[in-house]
Amino acid sequence: MRRAVAAPTLLIGLALLPGCDATDNGGAAAARTPEAQAIAAAAPTPVALPKTMAPPKPAAVPAAAMQSWRSPDGAIALQYPRTLSPSQDFSATYFTPAGWRATFDGAPMGPGHGLVRFTAESLSQGNVPRIAADTLQIGISADQAVVADCLTRGLQGGRGTQAPSRIIGGVRFTTWRGGDAGMSHQLSSTDWRAVHHGTCIAIDWLTRSVPASVDVNAHPGRPRADVEKDFNSILASLMLN
């Protein structure tokens, strides 16, 4: 039987081999020689490279400054961008009669009160650019006859179609969408109706437009998307008490 070599004997043998000093004392001594020190002094000092950094985040774009509006009785409140101005001018449009709410089938709108109206012009691009006048208006009525058919009056006839209801200010509104056209004018409308605390609330978003070549005197500087964003911000801020 072969006998295993004792581990201490093997380690002693390795230690006696030339150039196998585990502490590398010879290398350290060489590094302390004048020649080695001169070479090290002449070598350029390594410069630490900066770590790769993530690109800085873009500065947050401040939200457009908003103004506050509240109805005289405090029941309805909203915020609107400074680019718009609240008005109580509920005069007629090309397709709708004057008054506190829009109707499209000839039905009388009944007694009521227009609270606020916002209007903005814009230019839409395309094969045939169009100039649009958007109107967002809110009106109310506590008249019993108006409240009785608040959700449907003036909206069922013509081209009006009922759309999914929408929650505005915590209240569920019946939604109608319609449209009309005459000569070079076009109308699209979204009309919301709700009865809240015994009051009929009417919100109408009307968009009337003509080809830019027809209304040559109008030069709106705002794109249509900006006006839509402003009107949607109003609807999102609306509160009903």
Side-chain angles (χ1 to χ4, degrees), residues 60-71 76-104 114-140 155 159-161 163-169 173 175-194 201-240:
V61 178
M66 303 288 282
Q67 299 277 71
S68 297
W69 175 91
R70 186 179 295 272
S71 62
I76 301 178
L78 56 81
Q79 292 186 322
Y80 62 93
R82 293 181 183 272
T83 52
L84 301 175
S85 298
S87 170
Q88 290 186 311
D89 178 9
F90 281 73
S91 56
T93 72
Y94 187 87
F95 292 98
T96 58
W100 63 279
R101 65 173 172 175
T103 57
F104 302 94
L115 293 179
V116 65
R117 173 186 271 189
F118 298 94
T119 302
E121 288 190 341
S122 63
L123 178 64
S124 60
Q125 300 294 338
N127 294 333
V128 181
R130 299 186 70 86
I131 295 175
D134 281 79
T135 298
L136 182 64
Q137 62 184 33
I138 303 174
I140 59 173
L155 301 171
R159 302 177 184 177
T161 58
S165 59
R166 175 175 176 175
I167 303 298
I168 302 176
F173 279 75
T175 304
W176 292 84
R177 289 197 174 95
D180 204 346
M183 301 296 288
S184 57
H185 293 254
Q186 293 181 359
L187 168 72
S188 63
S189 70
T190 303
D191 311 280
W192 295 280
R193 301 290 186 266
I201 302 176
I203 304 175
D204 299 289
W205 182 341
L206 310 172
T207 303
R208 306 169 306 280
S209 67
V210 296
S213 59
V214 173
D215 196 352
V216 295
N217 294 320
H219 302 283
R222 305 194 68 201
R224 171 123 185 86
D226 285 359
V227 173
E228 291 180 347
K229 182 179 179 181
D230 284 352
F231 279 20
N232 280 318
S233 70
I234 294 175
L235 291 172
S237 72
L238 197 144
M239 295 185 297
L240 303 174

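Position 1 is the first residue of the sequence, and the numbers go up from there.
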Closest non-hydrogen contact found for Trp100 with Ile140 is CE3-N, 3.5 Å
Can you give me the closest heavy-atom contact between Thr103 and Thr96, atom names plus distance? O-CG2, 4.5 Å
Given 3.5 Å as the limit, does a donor-acceptor pair link the side chain of Ser122 with the main chain of Arg222, or not? no
Under a 4.5 Å cut-off applied to non-hydrogen side-chain atoms, are Phe231 and Leu84 in contact? yes
How long is the span from the CZ atom in Phe118 to the CD atom in Gln137, to the nearest 0.5 Å? 11.5 Å
Using side-chain heavy atoms (C-beta onward) and a distance below 4.5 Å, is Ser233 in contact with Met66? yes
Please give me the minimum heavy-atom distance between Ser189 and Phe104, naming the atom from each residue. OG-CZ, 3.5 Å
Are any of the side-chain nitrogens in Arg101 or Asp191 under 4.0 Å away from the carboxylate oxygens of its partner? no
If only atom types and distance count, is the side chain of Arg117 paired as donor or acceptor with the main-chain N or O of Ser91 below 3.5 Å? yes
Of the non-hydrogen atoms in Leu238 and Leu78, which two are nearest, and what is the gap between them? CA-CB, 4.1 Å
Measure from NZ or CZ of Arg208 to the centre of the six-membered ring of Phe95 and say whether it is under 6.0 Å with the direction within 45° of the ring axis. no
With a 4.5 Å cut-off on side-chain heavy atoms, are Val210 and Tyr94 touching? no
Is any side-chain heavy atom of Thr93 less than 4.5 Å from a side-chain heavy atom of Leu187? no
Heavy-atom distance under 4.5 Å between the side chains of Val116 and Tyr80, does that happen here? no
Does Arg82 come within less than 4.0 Å of Asp230, counting only side-chain N to carboxylate O? no
Are any non-hydrogen side-chain atoms of Pro164 and Thr175 less than 4.5 angstrom apart? no
Please give me the minimum heavy-atom distance between Ser184 and Arg130, naming the atom from each residue. O-NH2, 3.2 Å
Validation row: Asp204, Thr135 side chains within 4.5 angstrom (heavy atoms): no
Is the shortest heavy-atom distance from the side chain of Asp134 to the side chain of Arg224 under 4.5 Å? yes
